[in-house]
Amino acid sequence: MLKRTHTCGEPKSELIGKEIILNGWCGSVRDHGGLVFVNLRDRYGVTQTVIDPKETPNLIESAKSLRSEDVIAVKGSLRSRPEGQLNKNMPTGEVELLVKELVILNRANTPPFEIEDDTNASEELRLKYRYLDLRRPALQKILMLRHKAANITRNYLSDHNFLEIETPILTKSTPEGARDYLVPSRISKGHFYALPQSPQLFKQLLMVAGFDRYFQIVKCFRDEDLRADRQPEFTQIDCEMSFIDREDIYNIMEGLIVLLWKECKGVELKRPFERLAYKDAVARFGSDRPDRRIPWELQDVTTIFKGSGFKAFASVVESGSIIKAINIKNHADKFSRKDLDTAGEFVKAYGAKGVASLKGIDKFLGDAEKQALKSELKIEENDIVLLVGDKPKVVNDSLGALRVDLGKKFKSFDVNKIDLLWVTDFPLMEFDEKDQRHVSLHHPFTAPNPEDLHFMDTDATKARALAYDLVMNGSELGGGSIRIHDRAIQQKVFDLLKITREEAKKRFGFLLEALEFGAPPHGGIAFGLDRIIMMLAGTDSIRDVIAFPKTTSASDLMSDAPSDVDPAQLKELGIKI
RNA sequence: GGGGACGUAGAUCAAUUGGUUAGAUCGUCGCCCUGUCACGGCGAAGGCUGCGGGUUCGAGCCCCGACGUCCCCGCCA
């Protein structure tokens, strides 16, 4: 075959007069009856090629036969385009290749959609023909960005003495956390491997082994429902370090994030990153991953409504629940009756009964209440105040989400701004009323803050964990913690989680045992690589940053996975459906 | 498990109150065209209105059901 001497992105004026060979895919073929123009594309760019019947009458027939997405090789001489025929929109727009030889390497069927960046083909169709979708320069750019970011990460961590060590994919199912993907064992019938939700236990064991600094860019699997930013298999930048405290983690990881944004976006992020305690994040923004670009904050006005003339809120206070408000400054004129109804529907998803506008309940309020609200919420002309009263979790979840929704709807902030912060001091545990037991907020190996150890015997939900999340623009990019390296504290946590000694021994006895063989103090963090790329690429869909993603029902429209299997395979595994 | 939006030529969409032969653009195919780059001109083909029921004299449109895609809640240590 005619092997390329250059890529389709390279031809520039410096190469004029040179004889070169290009390989690539035909984009638009413009047949003028005599002259034929073919845009030739590969992942590096697009170059215009010309077939001129005066020069090569023998080629004109096959040139006319070219169709979109045919694969060709062309040899010819690069020349500058005629006066007034330059294309300023193309990086190679000053030149064109006058074709002397043309080889059709492969014909293409008519593609089911046009291979263009601004394709309007449905995502369903694009996923079915993902290999065609991936030919679009926009997606190619993202995957090249992903490669670059992964490379930078690998080099940075390696330069900081981290070792990349692989951990098993066929591993052991452990309680707590997400639903596992299970893999049946053929050799040991009735037993199953689990695909890792993360390499958590293994990386801790690597610390026990003395590897000190570990990282891995690694696939993780969680059999949970999907979202715009969640896939069942996703990639983590997984890190763990020994003989360190939280500040060491912040320090090293901030360096990585700063480098990624600098190299990939040319953006200088300010260090150190700001920090916000979990309880303040929830109090002010109703969320443990606040987007602080949106100006309005939640304010607790529970006490003002004690004994209020607005009976609904008075009884909320009575029952020990809370009332919070957001003051949407200077938006009363833009906020329609319909917007209020929409907001009311919106919060119902979070279990709230509805949203009240201060204007709507004004007639039930006494002067003292009005005055208190006005000064507390700093209400001015043209402000609109929305309130929700309910149990704290419902109020924070609903009003926090509503704040973000309205902030985006009313374009209340500069989308180019980056809000980056560590959310710290997560509670170690929450109490699950349904199961009547504590559950870890992060995971069962997270160390409690030593200052709060005494709460473990009184009210464990008051104990803070040495855990942290990195949050950018309201999205959790990663999180981690200092781990428990003390067997006794680990046992205490299991007790609170109501994991029996037998269960603990059976499920992660190997870790517990390891903790008794000289485990160093250690901790770590894992970033969602996919989400980092989403941020860098500025896309809202995780599917845009994964070469072969799954739909919201976790299927692959291209390969049609998951699918049924041969009964013989099941028999071999000892499985009956 | 729950809520919402959508499903009509190859693609993206339209079709008045339920009423004649379901339209447009892009793509495809054919002919013409020597400076286009979203080339242009003329012409043509292409539809069981995603699937299964129902209401009606009559259904793309109304009702019911399953399916698929997307968004959200639950879930995601």
Side-chain angles (χ1 to χ4, degrees), chain A residues 27-40 46-55 60 64 67-69 81-90 92-93 96 98 109-129 132 174-180 197-198 200-201 220-232 234 342 345-352 394 397-398 401 404-405 426 428-430 432 434 438-446 465 467 476 479-481 493 497 499 526 528 540-541 543 550-553 555 557:
Chain A
S28 72
V29 177
R30 300 178 295 280
D31 176 359
H32 284 248
L35 276 181
V36 178
F37 295 96
V38 179
N39 278 358
L40 198 60
V46 179
T47 294
Q48 171 165 288
T49 66
V50 197
I51 297 93
D52 187 338
K54 273 196 308 213
E55 306 272 346
I60 222 60
K64 283 176 186 296
R67 294 292 175 269
S68 194
E69 301 311 313
R81 296 195 188 185
E83 195 76 23
Q85 298 295 334
L86 309 191
N87 186 338
K88 292 197 181 67
N89 300 321
M90 280 172 84
T92 64
E96 64 187 10
L98 179 64
N109 289 341
T110 301
F113 54 90
E114 291 159 60
I115 313 297
E116 291 167 352
D117 270 354
D118 52 352
T119 181
N120 50 10
S122 71
E123 187 162 20
E124 194 171 354
L125 191 71
R126 287 168 41 209
L127 287 174
K128 182 172 176 192
Y129 298 95
L132 297 180
T174 52
E176 304 285 304
R179 193 177 294 112
D180 284 323
Q197 299 172 27
S198 83
Q200 183 60 37
L201 298 181
C220 300
F221 307 86
R222 294 179 190 175
D223 187 5
E224 298 292 349
D225 286 349
L226 293 84
R227 286 287 189 282
D229 63 352
R230 255 166 45 189
Q231 285 268 306
F234 60 100
T342 308
E345 287 305 311
F346 182 89
V347 297
K348 279 181 187 163
Y350 298 85
V394 171
D397 286 355
S398 60
V404 172
D405 187 61
F426 281 79
L428 186 66
M429 298 176 182
E430 287 176 331
D432 186 317
K434 198 175 71 220
H438 290 87
V439 289
S440 294
L441 222 73
H442 188 50
H443 56 55
F445 317 108
T446 302
E476 181 199 326
S481 63
V493 169
L497 299 177
I499 297 174
D540 289 329
S541 170
R543 294 180 299 280
K550 293 182 174 53
T551 66
T552 44
S553 47
S555 63
L557 295 180

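Chain A is the first sequence line, chain B the second, and so forth, proteins listed ahead of strands; every chain is numbered from 1.
Among the atoms of the strands shown, none is found under 4.0 Å from any heavy atom of A/Arg179. Residue contacts for A/Lys348: at a heavy-atom cut-off of 4.0 Å it reaches no nucleic acid atom on any strand shown. Within 4.0 Å of A/Glu96, counting heavy atoms only, lies at least one base atom of the nucleic acid. In this structure, A/Asp225 reaches the bases: a heavy-atom distance under 4.0 Å links it to at least one base atom across the strands shown. Contacts of A/Leu557 with the nucleic acid, taken as non-hydrogen atoms under 4.0 Å apart, involve only primed sugar atoms and P, OP1 or OP2. Across all strands, A/Ser541 comes closer than 4.0 Å to no nucleic acid atom at all (heavy-atom distances). Across all strands shown, A/Arg543 has heavy atoms under 4.0 Å from sugar-phosphate atoms exclusively, and none from any base. Using a 4.0 Å heavy-atom cutoff across all strands shown, A/Pro444 reaches at least one base atom of the nucleic acid. Here A/Thr446 lies out of heavy-atom contact (under 4.0 Å) with every strand. When heavy atoms are screened at a 4.0 angstrom cut-off, A/Tyr350 is found touching the sugar-phosphate backbone but no base atom. The residue A/Asp31 sits close to a base: some heavy atom pair falls under 4.0 Å.
You won't find any donor-acceptor pair under 3.5 Å spanning the side chain of A/Glu345 and the base of B/G3, going by distance alone. For B/G74, the base has a donor-acceptor partner in the side chain of A/Arg227 [N/O atoms by modelled type, under 3.5 angstrom]. The base of B/C37 is paired with the side chain of A/Asn87 by a donor and an acceptor separated by under 3.5 Å. Contact annotation: side chain of A/Gln85 to base of B/U36, donor-acceptor pair absent below 3.5 Å. At a cut-off of 3.5 angstrom, the base of B/C33 holds no donor-acceptor pair with the side chain of A/Arg30. Residue side chain A/Arg230 reaches the base of B/C75 through a donor-acceptor N/O pair under 3.5 Å, judged by distance alone.
One interatomic measurement links the two molecules: CD of A/Glu176 to P of B/C75, which rounds to 14 Å at whole-angstrom precision. The separation between A/Ile51 atom CD1 and B/G35 atom P is 15 Å, rounded to whole Å.
Contact annotation: A/Thr552 side-chain N/O to B/U69 OP1/OP2 distance is not under 4.0 Å. The side chain of A/Ser555 contributes an N or O atom lying less than 4.0 Å from OP1 or OP2 of B/U69. The side chain of A/Ser553 places an N or O atom within less than 4.0 Å of a non-bridging phosphate oxygen (OP1 or OP2) of B/U69. Not one side-chain nitrogen or oxygen of A/Ser122 sits closer than 4.0 Å to the OP1 or OP2 atom of B/U69.
Of the possible donor and acceptor atoms, one in the side chain of A/Asp31 sits under 3.5 Å from a partner among the backbone N and O of A/Gly33. Between the A/Arg230 side chain and the A/Asp225 main chain, a donor and an acceptor come within less than 3.5 Å of each other.
In a base pair of the Watson-Crick type (N1 to N3 plus N6-O4 or O6-N4) or a G-U wobble (N1-O2 and O6-N3), with each distance short of 3.5 Å, B/G68 is matched with B/C6. Summarising the base pairing, B/U55 is matched to no nucleotide, lacking a Watson-Crick or G-U wobble pair whose two defining distances lie under 3.5 Å. With both pairing distances under 3.5 Å, B/U49 is matched to nothing as a Watson-Crick or G-U wobble pair. The base-pairing partner of B/C76, taking Watson-Crick or G-U wobble contacts with both distances under 3.5 Å, does not exist among the strands shown. B/A14 is unpaired under the Watson-Crick or G-U wobble criterion, no partner having all donor-acceptor distances under 3.5 Å.
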Assess the residue pair A/Ser481 and A/His443 against the criterion (side chain to side chain contact (heavy atoms under 4.5 Å, CB included)); give the C-alpha distance rounded to whole Å, side-chain angles, the decisive distance to 0.1 Å, and a yes or no. CA-CA 9 Å; A/Ser481 63; A/His443 56 55; 4.0 Å; yes
Run the side chain to side chain contact (heavy atoms under 4.5 Å, CB included) test on A/Met429 and A/Val493 for me, step by step, so that the C-alpha distance in whole Å, both residues' side-chain angles and the decisive distance to 0.1 Å come before the verdict. CA-CA 9 Å; A/Met429 298 176 182; A/Val493 169; 3.7 Å; yes
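With P as the reference atom, B/G68 and B/C31 are 45 Å apart, rounded to whole Å. Taking the C1' atoms as reference points, B/A59 lies 33 Å from B/C72, given to the whole Å.
Among A/Asp52, A/Val50, A/Thr49, A/Val29, the one residue that satisfies the side-chain contact (heavy atoms from CB on, under 4.5 Å) test with A/Val36 is A/Val29.
The aromatic ring of A/His32 does not sit over the base of B/U36; the criterion of centres under 5.5 Å apart with planes under 30° is not met.
A/Glu69 is not listed as a side-chain neighbour of A/Leu132, based on a closest heavy-atom distance of 4.5 Å or more.
A salt bridge is absent between A/Glu123 and A/Arg126; no separation between the charged side-chain nitrogens and carboxylate oxygens falls under 4.0 Å.
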